[in-house]
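One structure is given below, encoded as structure tokens.
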Amino acid sequence: MGKKDTNVRMSLQTLRVLEVFLENPVEQLAGAEVHQRCGIASGTLYPILIRLESAGWFVSQWESIDPSSAGRPRRRLYRLTSTGLRLASEVFASFNRGVLA
Amino acid sequence: MSQRNERPTQFELNGLTQWLIHYAAGQAPECLSSRLEEEWLADSASRSSALSRLCFAVGCYWAAIVIVYEFPRAHVTAVSPVVAARGFILLADSNSGYFSLRSATLFLIIGIHAALFCGLITTLSHTRGMWAPATLQGHMLNRIPTETEITDALSGK
């Protein structure tokens, strides 16, 4: 496969999602937790997560729990990749430069 | 049974929520469908109230529409072997438009309303003719006739 296209349209909601992940880049977050932290509705949030994942900014995996013993279904956890961390940092750096200029 | 009788609405809302999430996930691309359904059901379970879960499910339906719009089935099919091999969703991002689907829908609704108002204003407004017949046209009087002259004129004197 060729090199992945990492271009993502940067909306305000996308920036807010990235901001949540940049607070602790190694933390894995479920969609529900992202919603709690940034308040973005599910109709907007999940397309952003899928979009960022398909562009290689995020990776996701199932929570490693036993649903029967935990008493709840396993969640899908998202985490920034090294590429995503670098690109998100660049986006916020350029954004800050643009605002301050 | 008694618990169900106490709060039947909550059970109905939860059932509706699960059905809506199942339906929404079914609208998503095939390689994402089962994953999204499990993910959304898990995330909806973390909500406190039944109404909140229902709102979440409605949002999921919108999310499925957006995902289908952004990731056409042709692209998903083309990369599905890679998806199976890596266990990772690798989809081509075809979202190169100026506006998101939600913004485009908003602009479409605003445009339809504007066209409707323009049509109503155009069709319902009064039209005034540019030309009036001679009998209806006004004439300037040089002298105002007296009452006696008017009476004489009316009586034919």
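Residue numbers begin at 1 in each chain, while the letters A, B, ... track the order of the sequences.
- Side-chain contact between L41(B) and P73(A): absent, with no pair of heavy atoms (C-beta onward) separated by less than 4.5 Å.
- Interatomic distance, E39(B) CD to L77(A) CG, rounded to the nearest 0.5 Å: 9.0 Å.
- No continuous path of ILVMFWY side-chain contacts below 4.5 Å connects Y61(B) to L106(B), so the two sit in separate hydrophobic clusters.
- Taking both residues in full, the closest heavy atoms of R35(B) and W62(A) are given as O-CH2, 3.5 Å, listed atom of the first, atom of the second, then distance.
- Contacts between L36(B) and chain A at a heavy-atom distance below 4.5 Å involve the side chain alone, from C-beta outward.
- R72(A) does not touch chain B: none of its heavy atoms, backbone or side chain, sits under 4.5 Å away.
- Between S42(A) atom OG and R47(B) atom CZ the span is 6.0 Å, to the nearest 0.5 Å.
- Taking the side chain as every heavy atom from C-beta outward, D43(B) and Y46(A) approach each other to under 4.5 Å.
- Residue Y23(B) qualifies as open at atom OH: its count of foreign heavy atoms under 6.0 Å is 12 or below.
- For CG of L108(B), the number of neighbouring non-hydrogen atoms (other residues, nucleotides, ligands) closer than 6.0 Å is greater than 12.
- When hydrophobic clusters are built by joining Ile, Leu, Val, Met, Phe, Trp and Tyr residues whose side-chain heavy atoms come closer than 4.5 Å, directly or via intermediates, W19(B) is grouped together with I65(B).
- Using a 4.5 Å cut-off between side-chain heavy atoms of Ile, Leu, Val, Met, Phe, Trp and Tyr, with links allowed through other members, V34(A) and F92(A) fall into the same hydrophobic cluster.
- The CD atom of E38(B) sits 4.0 Å away from atom CZ of R74(A), with the distance rounded to the nearest 0.5 Å.
- In terms of modelled atom types and a separation under 3.5 Å, the side chain of S46(B) and the main chain of A32(A) share no donor-acceptor contact.
- More than 12 heavy atoms of other residues, nucleotides or ligands sit less than 6.0 Å from atom CD of E90(A).
- Judged as a side-chain hydrogen bond (donor to acceptor under 3.5 Å, both in side chains), and not counting sequence neighbours, the contacts of S11(A) are T14(A).
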